[in-house]
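To start, the structure under review is shown below, and the notes come after it.
So that the names make sense, note that chain A is the first sequence line, chain B the second, and so on, each numbered from 1.
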Amino acid sequence: MKLELRGITKRFGTLVANDDIRLTVEPGEVHCLLGENGAGKSTLMNVLYGLSAADAGEIVVDDEPVSFSGPADAMAAGIGMVHQHFMLVPVFTVAENVMLGAEQTRGAGLLDVEATRARIREISEQYGFDVDPDAVVEHLPVGVQQRVEIIKALVRDAHVLILDEPTAVLTPQETDELMGIMRQLTANGTSIVFITHKLREVKAIADRITVMRLGRVVGQAQPESTESELASLMVGRPVSLVVDAGTSEPGEVVLAVRGLTVVDDRDQLVVDDVSFDVRAGEVLVVAGVQGNGQTELTEALLGLGGRASGSVRLAGTELLGRPVRDVLRAGVGFVPEDRRTDGLVGQFTVAENLVLDLYDRSPFARGPMLRHSRIRSNAAERVGEFDIRAGSIDTLASTLSGGNQQKVVLARELSRPLKLLVATQPTRGLDVGSIEFVHRRIIAERDNRTPVLIVSTELDEAGALADRILVMYRGSVVGIVPGDTERDVLGLMTAGYAPEQAFEQAARHPTRTGHPEHGGGDEGEP
Amino acid sequence: MSTGDTGNEVGSWAERALRRRWRAPVMFTVLGLGALVLFGLLAPGGERSTFGISTAGDIVEIDPVGVPSRQAAILLALLCLAVAGYALLLTARAEPVPLWLSVLFGSAFVLSFLTWAVAGETISLTGALQGSLALSVPLIFGALCGMLGERTGVINIAIEGQLLAGAFLSGVVASLLGNLWVGLIAAPVAGLLVAYLLAVFSIRYLVNQIIVGVVLNVLVLGLTNFLYGRLLSPQAQTWNSPGRFPRWKLPVLGDIPVVGPVLFDQTVIVYCMYVAVLVVHVALFHTRWGLRVRAVGEHPEAADTAGIAVNVVRFRNVLIGGAVAGFGGAYFTLGAIGVFSREMTAGAGFIALAAMILGRWKPMGAVFAALLFGFANNLQSVLGIIGSPIPSEFMLMAPYVLTIFAVAGLVGRIRPPAANGQPYIKS
Amino acid sequence: MSEQEHDTTATSGGEQRQQEPSVSQRLWRELTTGSAMLTVLSIVLALAIGGLLIILSDPRVQQAAGYFADRPSDTFAAAWQSVSSAYAAMFRGSLVDFGEYSVVRAVRPLAATLTNATPLIAAGLAVAIAFRTGLLNIGAEGQIILGAVGAGYIGFTMDLPVVVHLVVAVLGGVLAGAFWGGIAGFLKARTGAHEVIVTIMLNYIARFLLAYLLTLEAFRRAGRSDPISPYVAESAQLPRLFEGSRLHLGFLLAVVAAAVVWWLLTRSTIGFRLRAVGFNAHAATTAGMSVARSYTLAMCIAGGLAGLAGASQVLGTERFLSSGISGGLGFDAITVALLGRANPWGTVAAGLLFGALRAGAVTMQAETGTPIDIVLVVQSLIVLFIAAPPLVRAIFRIRVRSRGLGAPEARGWEA
């Protein structure tokens, strides 16, 4: 099936998310859609999948213009989509999820589960998926959940499969397996639209590359292009992918974590006996694929979230089991992973958000009374210092751009003397300018002799910022390695390989995607 | 996944310690001990509790059963404690406490209480069960209504209003036309109208579902009171004399001792209730419709991407629920009393809501909870007659207290549909 | 679609120019004036529907409609007569009675309005402050009952010096209400039990508790067998503000309570915390605020305010305790808070309006035989219309540029 997008335009208010997008997906090819966060890729795919209507332009399938009023139409036209955030009902079984919306019935509306089970087994065998139709989805690992999503699309006879950032939640090893599946699919004539911002993956799998920036198609590229060519096309200017962090001389141990174990609300073990130290004046980056316990680790440090045991000592004081307030007062600065949900009160003004964890202390309060004048003068200062672009300090935080929101959070957390800075995914979803700003601020804080703990899923970011890198896999520490460790080795570690094995493997197999391609026998299992 | 799978192995000691939830088993133990002491050890010995089984005219007459009160209560309390012990054991092993265990505990506890309460007296078991069922019928309809909405993610606080509207309109229509059957058809229409308002305001205008529900209750209450004062009360002959449905005794089934007179000598409304429970159960868990409904309530985005029109499903279900509750409302006028009176639902809609929650959003569970509540309510009046050892007000409180315990997680874990109460707004 | 938002805002990037302050100010003004207009239109619409109901249910109109084809004017005349006499009576009963010969008598209806508004304001504040903390307090009814029980018990059993007795009785009511509200807050904070369910259940428990208490010796009036308590001692009564009216000091207490709630919400650190928790409990937690403690505190304050309403009923208006002491006030309080947009002064205004409706309806029922319950209908309609601005705009065919502010954040059982 051949798919064409002709002049797709989509606006949100004054913002043009997609501007006259044209692209063609030939049968059986892997077409990569490359772009930064916010380039408009997901918007475009939502239009293609019938989730939102385009303001202009048309979708053409096999030279026939089509119009989709909903995902059902898109599916009927042979388009399937695997969303970045899986569209699976957690409490349903695999079979229930697969049949949802395309149910087979035995008359009177009674479900024919057996027919679906059979289809799942069939597809599982064909692609080597190993998926149990009766497993409950919420109990499955993310990699398997993704396969369920693919099965969902295949059951509906998808000829074009859209994969939206499918590797974000996968280990490099799982990414390899996914690419194997993609090749199998294209060999059977299915076309794939592969959305990503990861250059290595594009180079490894793409037949054709379309690059988007700020809502526009800025060019086509060949898989043979170098990474820096692709990067400059994607970002719009030549970029050095590495921030100059300089060197640091770590001092004494300030944060000592021992045997930290966390169980989440759903009774899952998410952090498993983790121990490490962070020294004054060093950046420790916790790397790993998303969802391997890094977020829960930082939340436990702060006293948030699930039930935790073990020990967290900051300059000799035990913090575990203390309320968040005490931990913050002890001198911990915290930049949460999701700034909209955890970092800011959207309906509060910038000024109010800048004192969110200081509001009841001098000079912002006198006894039970707020001192609005101090809160305002503080806000004026911070807005200047951190270059926060807001209409005024009375602007609601929810109306700021992502970068400016993150600056508000950083400005607040860095405005008090810190004994430790913890930042989870501090640059996620930001544009390049904001990323640089955030990185510079983090390094400046380190150079202030503050120990810094960063969680990042981007190995490039880890490499750029870290003095040491701790890799987590399934809640445990795989190993702690120097900040200049090779990417290949880190990639292997995020898949659970112990450091020695990872070094050994990496030395043996130079790779395309930053991690080894392993065929049949994985003798190097941990 | 070819790499080592630590997640599924039996975890470390620390992990298991963190996983345990002690609230329910501890609650069981406390209640069990309370039953043992209060109903057993502190009770005077030598009395008998007698339960009548047969009603006059049964084909097979069964003699009343008498048990020594103190011993029986102690025995049942020990059963409670055994259940509590098993629950403690399960929790120590970091395993969840299953629903049937809670049900067993509840039954044993109630029976223990009952033998204590009727010590030295006789109550008719059949009569008690008949009374319980009578009081549960509107609760079951109401709970089904709430469930139909909440399974799609729409909270329905207006069950009370829908029951009341059904009771009102069925009575008025039956009076005006002199036909009970037309009245019965009018009842779901009334519920539907209230549900339509709920759906329009909460789904189309995105007004907070709970607020709409509360306000609709006030609206229906005001409306029915107003019309009652204006029309039904002054001109009762025309407006408020519907009469009631007769009981139909089913052949064979109706002659079974205890079960027969309780279940199969009832009005058409009760028979409809049996059908409704069965239909909702099958439809919810075994049909395409049910699968979609549950998907919409758990993960509306996923349902949307699977091509299901989320808000249409929600709208439709709220309407169906309203019709069910309206139909149940007819039980007050056409099934039980024979006339409409002010505020005659008296909070049944809220107990129905409680039954739905306690029954964990499942038809069978809701039936069990509603029967329990009906039983407590009925027992209160029965005990009032034979001279009860505790004030009737406390018996009336029981369903509400139990519900608070339930939502506070004291009787096992409750997990509502994940998208419950959240409006679905397409981007 | 969070990814969507992600995309759009991030695209606008760091370079995005924010709106000029004057624009946002103008927008703000537009919204506020828009909402004021909306309120007025909603009230008009609700009264119109209420009027229609009065007309349709009037036997005389029905009679005239019987020969509508012959003399349609009769039907219209009867209809006009029906609705105008009802609403005129309502006006006379709630504001000013121009037919009276003395000023004191003429403004007596106004005093009745204020008397009726007193518990509505206090209990409305109870719903409003919980709402600002992100909690739906459906339990004002139960909290009022507990407040009335607490204040009443102190009022008719204790024997204390003049001023002290009143202060202790009012405080007793406030604390009893705070305790009842606190249960819901505490359970929400500790176990996650949804406050809507818990407060609904607590309403019924309170009702049965009151019924039980009224069977006890201490709560029974000498020589009476029905469930009714003795009168509260004179020393514990809220003094009447002027002769010939039931208006009492409780009204001023309610207004002071509104001022305190306003100060608390906008000027104090506690209010900052409660509002932060109400808007975004996650961010509040991350900023070190205790959400659990905020929920408990907010519900205690809310319960205390509702308790004040109960105390004012039992010590000021009724002066004894009976099973009907709350009489649905708690549910009216929800509509009051919603109409007042959970803002303290808005709640006062809404309380006055609904107090007027209640006072007027009494006169209306006495003079025209229109059942008082029409007030409930009008009240609920007003709130429904206010909550759905697009509906009102559609009805009045108003074109607006900005989107409606209708829905407060809707949340599930497990918020």
Item checked: Interface residue of largest heavy-atom contact number with chain B, from C:I138, C:I200, C:I205, under 4.5 Å ->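 Heavy-atom pairs under 4.5 Å are most numerous for C:I205.
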Note to self: With chain B as the partner, which of C:V378, C:D58, C:D332 has the greatest number of non-hydrogen pairs under 4.5 Å?
What the structure shows: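 Heavy-atom pairs under 4.5 Å are most numerous for C:D58.
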Around atom [atom1] of [X], are there more than 12 heavy atoms from other residues, nucleotides or ligands closer than 6.0 Å?
X     : atom1 : answer
C:Q62 : CD    : yes
C:Y87 : OH    : yes
C:R60 : CZ    : no

Notebook entry, point to check: Any side-chain heavy atom of C:H194 within less than 4.5 Å of one from B:I210?
Noted result: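 A side-chain contact exists here, since the closest heavy-atom pair is under 4.5 Å.
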Checklist line | Side-chain touch C:L391/B:Y205, heavy atoms, less than 4.5 angstrom | finding: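 Heavy-atom side-chain distance check passes, below 4.5 Å.
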Which atoms of [X] are under 4.5 Å from chain B, going by heavy atoms: the side chain, the backbone, both sets, or neither?
X      : result
C:I183 : neither
C:L202 : both
C:L187 : side chain
C:R190 : backbone
C:V383 : side chain
C:L56  : neither

Heavy-atom cut-off 4.5 Å, strictly under: side chain, backbone, both or neither for [X] against chain C?
X      : answer
B:L396 : both
B:F201 : side chain
B:L223 : both
B:L216 : side chain
B:V214 : side chain
B:F394 : side chain

[atom1]/[X] to [atom2]/[Y] distance, rounded to the nearest 0.5 angstrom?
X      : Y      : atom1 : atom2 : value
B:I211 : C:L136 : CD1   : CG    : 5.0 Å
B:E393 : C:T215 : CD    : OG1   : 5.5 Å
B:L219 : C:L384 : CG    : CG    : 6.5 Å
B:L197 : C:L381 : CG    : CG    : 9.0 Å
C:M201 : B:I404 : CE    : CD1   : 7.5 Å
B:R230 : C:I374 : CZ    : CD1   : 8.5 Å

Mind listing the closest non-hydrogen atom pair of [X] and [Y] along with its distance?
X      : Y      : result
B:V218 : C:F331 : CG2-CB, 4.2 Å
C:D373 : B:G222 : CB-O, 3.6 Å
B:L227 : C:S57  : CD2-CB, 4.1 Å
B:G229 : C:P371 : C-CG, 3.9 Å

